Amino acid sequence: MNDSDALTEVAANRCFGGWHRRFRHQSSTLRCEMVFAVYLPPQAEQTTVPALYWLSGLTCTDENFMQKAGAMRLAAELGLALVVPDTSPRGATVPGDPDGAWDFGHGAGFYLDATQSPWSSHYRMHDYVVHELPDLLESRLPLDGRRGLSGHSMGGHGALVCALRNPGRYRSLSALAPICQPSACPWGEKAFSRYLGADRQSWREWDACELIRSADERLPLLVDQGEADPFLAEQLRPEALAQACAATGHPLRLRRHPGYDHSYYFIASFIDDHLRHHAAFLRS
């Protein structure tokens, strides 16, 4: 066993007949220590279970989703594990935003693999989420290799991109208030220009609207968006995703909800629909 295979349990809480467990480990991909959480439903005490991977948004950690989304009750009923990684590499040796801003660096890894120094040494969240973390957990926990992927905001962008870039890796896909076209919004432009460099052509590999146009797989996509979301017009751009899906025949169910904002009140209101969406594919 090497250092990246060693899991240290940080916390364990009995919940709805299953277990919420929090771990730390040394990531060989990100070259730093990472913390993540897993909810194992009661069925995992008897057999292996499928897993829904949840990617959180800017500034978040695993704790935001596990404590605020209210997902564990239905996950227990459906027999789904929930895997919630952090949003970026962290630590004293990991560079953050030089100006101390919240929308880049620590807490803002954007689920891509950086190519520009100094970010490229640590910011490889795509490879961590898609490969290192699932490979580790499926060898150590009762997970059967059936994977779904979802997320919120920056994590919604991450879910779309990770699934589109890796056909056959996931059985189900959804997002809540995702950043749909990061190469054409301020959050994405800031992150991409630093992580990937000035060549906008290279950004296309990390933009869901671009990837959908040439996708080899057409996973049915459920997206929920609040119409009172303050980031809707400038940052999220769901209409761009709808247009890209319509142009290619990619199955999309885009639901817009009057009065709902960008918060975990919004996520908690619709997370059950997303769990059922994933369960329909993961348990088949």
Side-chain angles (χ1 to χ4, degrees), residues 1-56 60-67 69 71-91 94 109 111 113 122-151 155 158-159 162-163 165-166 168-173 275 278-279 281-284:
M1 180 186 296
N2 57 44
D3 288 344
S4 64
D5 292 328
L7 288 179
T8 300
E9 189 170 83
V10 177
N13 310 95
R14 195 73 162 157
C15 188
F16 298 114
W19 286 94
H20 166 268
R21 301 175 69 185
R22 204 162 185 243
F23 299 96
R24 71 164 62 97
H25 78 121
Q26 188 67 32
S27 167
S28 59
T29 300
L30 304 178
R31 300 175 62 186
C32 67
E33 187 176 78
M34 293 294 286
V35 175
F36 63 90
V38 179
Y39 176 69
L40 292 172
Q43 294 87 341
E45 296 182 6
Q46 304 296 327
T47 186
T48 56
V49 296
L52 174 61
Y53 286 75
W54 172 269
L55 306 184
S56 298
C60 291
T61 69
D62 61 284
E63 292 181 294
N64 297 80
F65 180 79
M66 287 303 204
Q67 294 178 10
M72 286 182 272
R73 181 190 295 273
L74 185 57
E77 179 183 324
L78 296 172
L80 297 182
L82 304 173
V83 179
V84 187
D86 203 345
T87 49
S88 72
R90 300 179 193 259
V94 178
Y111 303 101
D113 292 339
H122 296 280
Y123 285 81
R124 302 187 60 81
M125 285 298 294
H126 168 269
D127 276 358
Y128 177 72
V129 165
V130 174
H131 298 292
E132 183 182 5
L133 188 59
D135 291 352
L136 172 63
L137 296 186
E138 289 166 17
S139 69
R140 302 293 299 279
L141 297 178
L143 306 180
D144 64 16
R146 292 176 291 175
R147 309 176 198 96
L149 192 57
S150 187
C162 289
R165 287 175 59 94
N166 296 277
R169 186 77 174 162
Y170 302 97
R171 294 191 177 199
S172 56
L173 178 62
L275 293 176
H278 288 277
F281 296 96
L282 293 174
R283 300 193 305 176
S284 64

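Along the sequence shown, the residues carry numbers beginning at 1. Note that the structure is predicted; figures quoted are calculated from it, not measured.
Going from atom CG of L136 over to atom CG of L141 covers 7.5 Å, rounded to the nearest 0.5 Å. To the nearest 0.5 Å, the span separating CE on M72 from CG on N13 amounts to 8.0 Å. A distance of 6.5 Å separates CE of M125 from OG1 of T87, quoted to the nearest 0.5 Å.
Using a 4.5 Å cut-off on side-chain heavy atoms (C-beta onward), L78 and P41 make no contact. Side-chain contact between T29 and H131: absent, with no pair of heavy atoms (C-beta onward) separated by less than 4.5 Å. The shortest distance between side-chain heavy atoms of D62 and W54 does not fall below 4.5 Å. Side-chain contact between Y123 and P89 is present, with heavy atoms from C-beta onward closer than 4.5 Å. When side chains are defined from C-beta on, L52 counts as touching L275, because their heavy atoms get closer than 4.5 Å.
The minimum heavy-atom distance between F36 and P85, with the atom names listed, is CB-CA, 3.8 Å. A159 approaches L173 most closely through the heavy-atom pair O-CD1, 3.4 Å. Summarising the geometry of M66 relative to V38, their closest heavy-atom pair is CE-C, 3.8 Å, with the distance given to 0.1 Å. Shown here for S56 and V84, the closest heavy-atom pair between the two residues is OG-CG1, 4.1 Å. Residue V49 comes nearest to A81 through the heavy atom pair CG2-CB, 4.0 Å, listed as atom of the first residue, atom of the second, then distance. In plain terms, the two heavy atoms of E132 and S28 that are nearest each other are OE2-N, 3.1 Å.
For residues 80-89, the pairs satisfying salt bridge (charged side-chain N to carboxylate O under 4.0 Å, His left out) are D86-R90, with sequence neighbours left out. The salt bridge (charged side-chain N to carboxylate O under 4.0 Å, His left out) analysis of residues 26-39, with sequence neighbours excluded, yields the pairs R24-E33.
More than 12 heavy-atom neighbours from other residues, nucleotides or ligands sit within 6.0 angstrom of CD on E9.
Scanning for ring pair (Phe, Tyr, Trp, His ring centres under 6.0 Å) contacts around Y128 gives H25, with sequence neighbours left out. Take H20 and apply the ring pair (Phe, Tyr, Trp, His ring centres under 6.0 Å) test, not counting sequence neighbours, and it matches no residue. Every residue meeting the side-chain contact (heavy atoms from CB on, under 4.5 Å) condition with S172, not counting sequence neighbours, appears here in chain and number order: H278, F281, L282. With sequence neighbours left out, R169 forms a side chain to side chain donor-acceptor pair (under 3.5 Å) with D135.
H126 contributes no side-chain N or O that, together with a main-chain N or O of Y111, makes up a donor-acceptor pair within less than 3.5 Å. At distances below 3.5 Å, not a single donor-acceptor pair connects side-chain atoms of E138 with backbone N or O atoms of D144.
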Checklist line | Pair L74-L80, side-chain contact (heavy atoms from CB on, under 4.5 Å): steps then yes or no | finding: CA-CA 8 Å; L74 185 57; L80 297 182; over 6 Å; no

Note to self: Pair L82, F65 - check side-chain contact (heavy atoms from CB on, under 4.5 Å), show working.
What the structure shows: CA-CA 10 Å; L82 304 173; F65 180 79; 4.2 Å; yes

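The side-chain contact (heavy atoms from CB on, under 4.5 Å) with L7 is formed by just one residue from the set R21, Q26, R140; it is R140.
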